[in-house]
Amino acid sequence: MFDNLSDRLNATFKKLKGRGTLSEKAIDEGLKQVRMALLEADVNYRVAKKVISDIHRRALGQEVMESLTPGQQVIKIVYDEFSTMMGSAHEGLNLGNRVPETVMLVGLQGAGKTTTAGKLALYLKKQGKRPFLVPVDLHRPAAIDQLKKLGKQLGIPVFDSTQEMKLGDICRAAEKMAGQEGFDTLLVDTAGRLHVDDGLMAELVELKKMLNPVETLLVADAMTGQDAVNIAGAFDKAVDLTGVILTKMDGDARGGAALSIKAVTGKPLKFIGVGEKSTGLEPFHPERMASRILG
Ligand code: GDP
C-alpha cells in the first residue's frame, strides 16, 4: 500500500498515458485516490463529494505544467481547494475594544471546554491581556472547582461562582468585578451535556443574550470525527458560533472534522488543542491541516 496521497497519485498517473492537458480520465483516476484519502481522514461524505466535484471542475482542461508531474499538479489543485475551503490564514480571536470583552466557550461535556478556557487564558496573558475566568456550569460543582483549580495553577483570577447563584447574577457580578479590577477579557466556561439537548441549548441562548459575547466558540473533540460535525451544526444553529476550537489533535485524529466543520457551518477554525497541558494550544493553520488530512 502507498503511504500518502502524493505517492498514490504519482503511481496512478504513471500508469496513464497522455500529456498536454490533464485528461478527464487522468483526473477521474486521481480523484478516486483523493476521495479515498478524504474518507480515510474522516471527512464527512457529503463534504468529500463536494470537494471532489469542485476539484474536478478546477482540474479539467488545465495545462500540465512543465515543472510538475500530473500527480503533483492534482495535489496542488487539491491544496488550493482546501485553502479556499478552510481559509488561507490563521484567524485568531477577534477581540473588540469594549472593556471587558466576553468570549463564551460552548460544547459537550468532555470536549475540553474547561481545559481550553485555561489555555486561552494563558494565551491572552502572554499577549499582555488580563483575562478573567468565569465558570457558569451550575449543574456540576466539579466543573466549577476544576476551573478554580486551573486558574490558581496558572495565576489567573477566577470568578467565585457557586451553585446557589443565578446565571444572570454571575454575569453581572463578573462584569462589574472585571471593570473594577481592570480585567479586559471574560472567558466564560459554560455547561456541557453528554449529548446535544434542548435544555442545554436554551440555557446557552439565554446566556448569550445576557453576555453579548464578541466570540462564541465551540470546543469540539476531533476524535469524535463525524459527530463533531453534527454537533457543530447544532450549536451553530442555536447560538450562532463565531468560530471553532478542535481539541485532542495530539491524538491520531486525521483532522477530517476540521474540513467538514468549516464546510458545514461556514465558521472558521481558530485554534487546535494539542495536549492536556495549558500550553497545548496552537493557532489553526489551514495548510498544515491540509497536509494532515491528505497524509
Ligand atoms: P469539558 O467537560 O468540556 O470541560 O472537558 P475538560 O476540559 O474537562 O476535558 C476533558 C478531558 O479531555 C480532560 O481529561 C482533558 O485533559 C482532556 N483534554 C482537553 N483538551 C485536550 C487536548 O487538546 N488534548 C488531549 N490529549 N486531551 C485534552
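Numbers for residues simply follow the sequence, beginning at 1. Numbering of ligands and ligand atoms starts at 1, following listing order.
Using a 4.0 Å cut-off between heavy atoms, L108 contacts ligand 1 through its backbone alone, with no side-chain atom that close. Residue contacts with ligand 1, taken as heavy atom pairs separated by less than 4.0 Å, involve K119 solely via side-chain atoms from C-beta onward. Counting heavy atoms under 4.0 Å from ligand 1, residue D250 touches it through the side chain alone. Contacts of V274 with ligand 1, taken as heavy-atom pairs under 4.0 Å, involve the backbone alone. Residue Q146 touches ligand 1 through its side chain alone, judged by heavy-atom distances below 4.0 Å.
An N or O contact shorter than 3.5 Å links K113 to ligand 1 by distance. Taking only nitrogen or oxygen atoms, main chain and side chain alike, G280 does not reach within less than 3.5 Å of ligand 1. In terms of polar-atom proximity, T114 is counted as a contact of ligand 1, with an N or O under 3.5 Å from an N or O of the ligand.
Within the listing of ligand 1, atoms 23 (O) sit less than 4.0 angstrom from a heavy atom of G273. Short contacts between ligand 1 and T115, defined as distances under 4.0 Å to a heavy atom of the residue, involve ligand atoms 6 (P), 7 (O), 9 (O), 15 (C), 19 (C).
Heavy-atom separations between G192 and ligand 1 are all 4.0 Å or longer.
Residue, atom and distance of the protein heavy atom nearest to atom 2 (O) of ligand 1 are G110 N, 2.7 Å. Among protein heavy atoms, atom 11 (C) of ligand 1 sits closest to K248 NZ, 4.1 Å. Of the protein's non-hydrogen atoms, G112 N, 3.1 Å is the one closest to atom 5 (O) of ligand 1.
Between the OG1 atom in T224 and the CG atom in L108 there is a gap of 8.0 Å [rounded to 0.5 Å].
Using a 4.0 Å cut-off between charged nitrogen and carboxylate oxygen, R172 and E175 do not count as a salt-bridge pair.
Shown here is D197, whose CG atom has more than 12 heavy atoms of other residues, nucleotides or ligands within 6.0 Å.
Among residues two or more places apart in sequence or in another chain, the ring-ring contact (aromatic ring centres under 6.0 Å, His included) test is passed with F271 by H90, Y123.
Tested against T102, the residues L95, V214, L211 include a single side chain to side chain contact (heavy atoms under 4.5 Å, CB included) partner, L211.
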